[in-house]
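Quick notes on the structure that follows.
Just so we're on the same page: letters track the sequence lines, and every chain starts at 1. Note that these values count all heavy atoms, side chains included, but never hydrogens, waters or copies made by symmetry.
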There are 2 protein chains.
Amino acid sequence: MVRLKEYVAPILTVDSVIFQLAGDTLSVLLIQRANAPFKGSWALPGGYNAAGETTHDAMKRILLAKGGVKTAGLKLVEQLYTFDTIARDPRGHAVSVTYMGLGKDIVPEAGKNTENPQFFPIDNLPKLAYDHADIIRYAHERLQNKVTYTNAVFALLDEFFTLTELQMAYEAILCRPLDKRNFRKKFLSLDLIHATSEMRREGAHRPARLYTFNKQELDALSRSFD
Amino acid sequence: MVRLKEYVAPILTVDSVIFQLAGDTLSVLLIQRANAPFKGSWALPGGYNAAGETTHDAMKRILLAKGGVKTAGLKLVEQLYTFDTIARDPRGHAVSVTYMGLGKDIVPEAGKNTENPQFFPIDNLPKLAYDHADIIRYAHERLQNKVTYTNAVFALLDEFFTLTELQMAYEAILCRPLDKRNFRKKFLSLDLIHATSEMRREGAHRPARLYTFNKQELDALSRSFD
DNA sequence: ACAAAAGTGTTAAGAATACACCCATGT
DNA sequence: ACATGGGTGTATTCTTAACACTTTTGT
């Protein structure tokens, strides 16, 4: 058993995978590291979690400082997994708690400590520092699962959206085409969304009805989608 | 941004939820705390994770030291979630990485530092220290999900088992009765198990055919069970 | 012969899949 | 009038759910 007097805690870090839809592709927020190690490399926004700060608070602080993104602008934040096989720091063993965040129209704002935050399409990522490519893959899988048994997509869409936008979101996340008629029939039968009286008209074609989610919070589906 | 020279890591701890089937009920390994805080209370086996040790190694070490259980005897170990809202330690903020372990016929062995490890039926737990009741609830939910989309039950059964035992395992985990004929039809159609030529005879009734899993490792189902 | 658990099939309802044309608008 | 994306229905297959009796053994 570890004696308390000898106890030295491992380094604790937090990394965030922030997703949003850019047009019809899923994209991830990356920063370009300002410091060693991996200085200049692209990486997930992450940093040290000091004593007295919850991992979620650390995530908020670091995301704003390095990524220029306010957590309040995310519609869903969820803890993913804790990775501890990486030697993140020259001082030794580090443990990284990872979070996934979802939002819409996120614009990273440059600040004193931001490290060139940019969104990259998930299927066209630059070479990444650490094991961040693995973390993103893990987050993507989690998101794919999440949208099949919950209403989590709401967090990637505007409050009001068309069924085509909804379908495009699913296609971007699941990386495969879906049948339009079946998609609509099924999704409407799930009782997660309802039509509004509003239409959106844009371009030389029939206007689209706008829908909205019954709840802007995470909700489990009665039966799994797709 | 945190200056490295000022950086003090939070305390890192690891807690394990070890499940096994006792007869036809799911049970959890608990220990009776030997030290403050919560001295004398029942709790999950858990302890400090020192620098230089992965959380998984810490879990193994602590489970053996306090719980008298060798991790090698578990058929499946999986990280659950990282909790950091608890004030586990008088010295301040602590972060706890939790693991779930599944096994069969686990017998905790008393040792120098074991703290009276015992299995308790999940529906009849004593009052627990910390937020451990929440952690167990979380683990149980995860297990319920896991057995519906993977072959994870294998880790709670012997290598050879009867279909009745398999069904009883599912009923214990899901906490509801299942239809015998539908259960067998469905499970056999999933291609996870196969019949052996062996039968088990016990008691004054027809002997039961023994089955075995095709793989003794985690495998995703083609379609979700139940 | 009886008690006890093992084993087995059918039907009906619901869900998933495959698939092609008309509609409303702007230019 | 035409180009563009929005919107809609049906038939088939597969999956789920409900349900009760016969078989094999030990005593």
Side-chain angles (χ1 to χ4, degrees), chain A residues 21 23-25 144-145 147-150 157-158 160-172 174 176-212 220-226, chain B residues 21 23-25 144-145 147-149 157-158 160-172 174-212 220-226:
Chain A
L21 291 169
D24 58 355
T25 69
Q144 290 182 328
N145 293 329
V147 296
T148 66
Y149 65 87
T150 71
L157 295 172
D158 267 323
F160 301 98
F161 52 88
T162 68
L163 291 182
T164 300
E165 286 170 340
L166 182 62
Q167 182 175 344
M168 276 171 42
Y170 268 92
E171 290 178 334
L174 300 177
R176 63 194 163 81
L178 298 170
D179 179 86
K180 182 157 70 157
R181 280 175 290 187
N182 293 338
F183 176 84
R184 290 171 180 228
K185 201 187 328 158
K186 170 108 194 219
F187 211 93
L188 289 170
S189 79
L190 290 174
D191 265 346
L192 295 175
I193 59 174
H194 61 270
T196 67
S197 54
E198 303 292 301
M199 308 290 274
R200 175 182 303 159
R201 55 183 58 218
E202 60 175 5
H205 54 83
R206 180 172 176 175
R209 166 132 271 135
L210 290 177
Y211 288 78
T212 190
L221 274 59
S222 45
R223 52 188 207 284
S224 90
F225 174 84
D226 181 278
Chain B
L21 291 168
D24 57 356
T25 69
Q144 290 182 328
N145 293 330
V147 297
T148 64
Y149 66 87
L157 295 172
D158 266 323
F160 301 98
F161 53 86
T162 67
L163 292 182
T164 302
E165 286 171 340
L166 182 63
Q167 183 177 340
M168 275 170 43
Y170 268 93
E171 291 178 334
L174 300 178
C175 303
R176 63 195 163 82
L178 298 170
D179 178 87
K180 181 155 72 156
R181 281 175 290 187
N182 291 338
F183 177 84
R184 290 171 179 228
K185 202 184 330 157
K186 170 107 193 222
F187 211 93
L188 290 170
S189 79
L190 290 174
D191 266 344
L192 294 176
I193 60 174
H194 61 270
T196 67
S197 54
E198 304 292 300
M199 308 289 275
R200 174 180 303 159
R201 55 183 58 220
E202 59 174 5
H205 55 83
R206 182 170 175 175
R209 167 135 270 135
L210 291 176
Y211 288 77
T212 191
L221 273 58
S222 45
R223 55 187 204 285
S224 91
F225 174 83
D226 179 277

Legend entry - Nucleic acid contacts of residues 178-195 of chain A, taken as heavy-atom distances under 4.0 Å to DNA chain C: A/D179, A/R181, A/N182, A/K185, A/K186

Inset, instruction - Specify the residues of residues 199-208 of chain A, ordered by number, for which at least one heavy atom lies under 4.0 angstrom from an atom of DNA chain C. - result: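 Close to the strand are A/R201, A/G203, A/A204, A/H205, A/R206, A/P207.
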
Grab the [atom1]-[atom2] distance between [X] and [N] for me, whole Å please.
X      : N      : atom1 : atom2 : value
B/R223 : D/dT13 : CZ    : P     : 18 Å
A/F161 : D/dG5  : CZ    : P     : 21 Å
A/L166 : D/dG7  : CG    : P     : 12 Å
B/R209 : D/dT23 : CZ    : P     : 18 Å
A/Q167 : D/dG7  : CD    : P     : 11 Å

Legend entry - Minimal non-hydrogen separation, A/K186 against A/S224, with atom names: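 Closest approach of A/K186 to A/S224: NZ-O, 2.9 Å.
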
Inset, instruction - Please round to the nearest 0.5 Å and tell me the distance separating atom OG1 of A/T162 and atom CD of A/E202. - result: 8.0 Å

Inset, instruction - First locate atom CG of B/L188, then atom CD1 of B/I193, and finally report the distance between them rounded to the nearest 0.5 Å. - result: 5.0 Å

Inset, instruction - State, with a plain yes or no, whether a side-chain heavy atom of A/S189 is found less than 4.5 Å away from one of A/R223. - result: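 Side chain of A/S189 against side chain of A/R223, heavy atoms only: contact under 4.5 Å found.
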
Legend entry - A/M199 side chain reached by A/L210 side chain, heavy atoms, under 4.5 Å: no

Legend entry - A/D24: which of A/M168, A/E165, A/Q167 passes side chain to side chain contact (heavy atoms under 4.5 Å, CB included):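 That would be A/M168.
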
Inset, instruction - Give the ring-plane orientation class for A/F225 versus A/Y170, where under 30° counts as parallel, over 60° as perpendicular and anything between as tilted. - result: tilted

Inset, instruction - Apply side-chain hydrogen bond (donor to acceptor under 3.5 Å, both in side chains) to the pair A/R184 and A/T164, showing each step before the final yes or no. - result: CA-CA 9 Å; A/R184 290 171 180 228; A/T164 300; 3.2 Å; yes

Inset, instruction - Would you tell me if any nitrogen or oxygen in the side chain of B/T164 comes within less than 4.0 Å of OP1 or OP2 on C/dA6? - result: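 For B/T164, the contact criterion (side-chain N or O under 4.0 Å from OP1 or OP2 of C/dA6) is met.
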
